[in-house]
Peer 1: 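Quick one: structure below, then a few questions.
Atom set for the values below is all heavy atoms of this structure, side chains included, hydrogens, waters and symmetry mates excluded. Index from 1, following the sequence.
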Amino acid sequence: MELIEQFQQAIVNGDADRGADLAEAMVTEAEVTPDEIMDSLARAMEVVGGRYETGEYFIPEMLRSADAVERSLAILEPYLFKRRHDQAGVVVMGTVKGDIHNIGKNIIISALRASGYEVHDLGVNVSTSKFINKVKEVDADLLLLSAFTTSTKPALVDVIKALEAEGLREKVKVVSGGASHSAELAGEVGVDGFASDVKSTLAVCRRLMDQRRE
Ligand code: B12
């Protein structure tokens, strides 16, 4: 089995020590790209999510896998940064109020950092005012909102309304995404972009940054 497959398996099994060892090996010994590693993390968590939904995994197993993701991201990030080129843009990102899912958010943040973005991570259950204050403080180009369900729609709408009220809506491009989030929901909320995986998120961010530079 290739290193990357073993790595993916370790995450699915919630084996943080093995995941961390394999992450180290991938970046030091093998020519595995950051994109491939991020994709494999996302795929591993999709398997975990599927097992949870079919009743094969319960919350403890899922949290062990989430912990394994955290541990490997901590190992990977310094190596991913090495490949960093000119700053691609300033991003503020967080999971909206009422929502505590953070695995997908953390994967996206690592992928963005690896692609040269300066990312300010506000964590989970983030209030509208916290988003607004950070956008102002760092003069963000992009605001990325992670949200997992239709019940978080009011929180997303609230952020958009607050940006408008503060006169920031034209200054910052807003992208949403996250487990169970849909393009339809994003359209209703009125964000500038939506994406559902690492690759499409990077593409949307690049497109919006290009628009800003025009
Ligand atoms: C793990 C998990 C949990 C963990 C979270 C641990 C953690 N540290 O994050 C725990 C156990 C705590 C949990 C709690 C709950 N969960 Co939960 N959880 C999941 C599960 C199984 C996997 C989510 C995940 O991490 N996926 C893997 C990551 C990599 O995928 P992702 O989040 O989609 O992220 C990717 C993309 O969406 C995208 N992305 C992510 N964020 C962003 C942001 C932007 C801007 C962009 C562009 C892209 C992007 O990139 C990522 C990489 O590919 C899903 C089911 C599923 N299959 O999705 C349910 C799920 C999301 N949970 C659900 C629910 C209901 C809950 C709870 C309310 C209780 C419950 N019944 O379990 C609580 C919520 C509490 C709260 N207030 O938030 C529902 C939501 C249903 C809905 N449509 O509303 C789901 C779909 C399960 C289900 N079918 O019932 N959960």
Peer 1: Do the charged groups of Arg113 and Glu118 touch, with an N to O distance under 4.0 Å?
Peer 2: no
Peer 1: Of Leu208, Asp139, Leu163, which meets side-chain contact (heavy atoms from CB on, under 4.5 Å) against Val172?
Peer 2: Leu163
Peer 1: Could you list the residues that satisfy side chain to side chain contact (heavy atoms under 4.5 Å, CB included) with His101, not counting sequence neighbours?
Peer 2: Asp99, Phe148
Peer 1: Grab the two heavy atoms, one from Gly94 and one from Val126, that are nearest each other, plus how far apart they are.
Peer 2: CA-CG2, 4.3 Å
Peer 1: In terms of hydrophobic clusters joined by side-chain contacts under 4.5 Å, are Val69 and Ile100 together?
Peer 2: no
Peer 1: Going hydrophobic residue to hydrophobic residue with side-chain gaps under 4.5 angstrom, can you get from Phe194 over to Met93?
Peer 2: no
Peer 1: With distance as the sole test, does Thr152 use its side chain to make a donor-acceptor pair with the main-chain N or O of Ala155 at under 3.5 Å?
Peer 2: no
Peer 1: Distance from Arg18 atom CZ to Gln9 atom CD, nearest 0.5 Å?
Peer 2: 9.5 Å
Peer 1: Taking C-beta and beyond as the side chain, do Val138 and Val92 meet within less than 4.5 Å on heavy atoms?
Peer 2: yes
Peer 1: Hydrophobic cluster membership, with links at side-chain heavy-atom distances under 4.5 Å among I/L/V/M/F/W/Y: are Ile37 and Leu73 in one?
Peer 2: yes
Peer 1: Nearest 0.5 Å please: distance from the CD atom of Glu53 over to the CE atom of Met62.
Peer 2: 9.0 Å
Peer 1: Picking from Lys171, Arg212, Arg169, what satisfies salt bridge (charged side-chain N to carboxylate O under 4.0 Å, His left out) with Asp192?
Peer 2: Arg169
Peer 1: For Ser176 and Val191, work out which heavy atoms get closest and say how close.
Peer 2: OG-CG2, 3.5 Å
Peer 1: For Lys105, is there any backbone N or O sitting under 3.5 Å from a side-chain donor or acceptor partner on Asn102?
Peer 2: no
Peer 1: Could you state the interatomic distance from CG (Leu112) to CG (Leu142), rounded to the nearest 0.5 Å?
Peer 2: 8.0 Å
Peer 1: Does Asp67 use its side chain to pair, donor to acceptor, with the backbone of Leu63 at less than 3.5 Å?
Peer 2: no
Peer 1: Flag the pair Glu61 and Arg51 as a salt bridge only when some basic side-chain nitrogen lies within less than 4.0 angstrom of an acidic carboxylate oxygen.
Peer 2: no
Peer 1: Do Leu143 and Phe131 come within less than 4.5 Å of each other through their side chains, counting heavy atoms only?
Peer 2: yes
Peer 1: Answer yes or no: is there a side-chain heavy-atom contact under 4.5 Å between Leu168 and Lys136?
Peer 2: yes
Peer 1: Work out which heavy atom in Ser146 is nearest to a heavy atom in Gly178; give both atom names and the distance.
Peer 2: OG-CA, 4.4 Å
Peer 1: Considering non-hydrogen atoms only, spot the tightest contact between Met38 and Ser110 and give its length.
Peer 2: CE-CB, 3.5 Å
Peer 1: Say whether Ile107 and Tyr52 are linked into one hydrophobic cluster, either directly or through other cluster members, by side-chain heavy-atom distances under 4.5 angstrom.
Peer 2: yes
Peer 1: Would you say Arg207 and Val204 make side-chain contact, with heavy atoms under 4.5 Å?
Peer 2: yes
Peer 1: Kindly indicate whether the side chain of Ser196, heavy atoms from C-beta on, has any atom under 4.5 Å from the side chain of His181.
Peer 2: no
Peer 1: With distance as the sole test, does Tyr57 use its side chain to make a donor-acceptor pair with the main-chain N or O of Val12 at under 3.5 Å?
Peer 2: yes
Peer 1: In Å and rounded to the nearest 0.5 Å, what is the CG to CG distance from Leu202 to Asp197?
Peer 2: 9.0 Å
Peer 1: Roughly how far, to the nearest 0.5 Å, is the CZ atom of Arg43 from the CE atom of Met45?
Peer 2: 14.0 Å
Peer 1: Measuring only between side-chain heavy atoms, which start at C-beta, is Ile160 closer than 4.5 Å to Val189?
Peer 2: yes
Peer 1: Which residues pass the side-chain hydrogen bond (donor to acceptor under 3.5 Å, both in side chains) test with Lys134, sequence neighbours left out?
Peer 2: Glu137
Peer 1: Nearest 0.5 Å please: distance from the CG atom of Leu122 over to the CG atom of Leu145.
Peer 2: 10.0 Å
Peer 1: What are the two closest non-hydrogen atoms of Ala88 and Ser115, and how far apart are they?
Peer 2: CB-O, 3.8 Å
Peer 1: Answer whether the closest heavy-atom distance between the side chains of Glu2 and Phe7 falls below 4.5 Å.
Peer 2: no
Peer 1: Please confirm whether the backbone N or O of Gly123 pairs with a side-chain atom of Asp121, one donor and one acceptor, at under 3.5 Å?
Peer 2: yes
Peer 1: Taking the side chain from Asn125 and the backbone from Gly98, do they hold a donor-acceptor pair closer than 3.5 Å?
Peer 2: yes
Peer 1: Main chain of Gln8, side chain of Ser40: is a donor-acceptor contact present, judged purely on distance under 3.5 Å?
Peer 2: no
Peer 1: Below 4.5 Å, heavy atoms only, C-beta onward: do Thr201 and Cys205 meet side chain to side chain?
Peer 2: yes
Peer 1: Consider only side-chain heavy atoms of I, L, V, M, F, W and Y, link residues closer than 4.5 Å, and tell whether Leu3 and Leu41 are in one cluster.
Peer 2: yes
Peer 1: State whether Asp17 and Arg71 are salt-bridged, where the test is any N-O pair (Lys NZ or Arg NE/NH1/NH2 against Asp/Glu carboxylate O) under 4.0 Å.
Peer 2: yes
Peer 1: Please find the pair of heavy atoms, one from Ser200 and one from Ala195, that lie closest to each other, and give the distance.
Peer 2: OG-CB, 3.4 Å
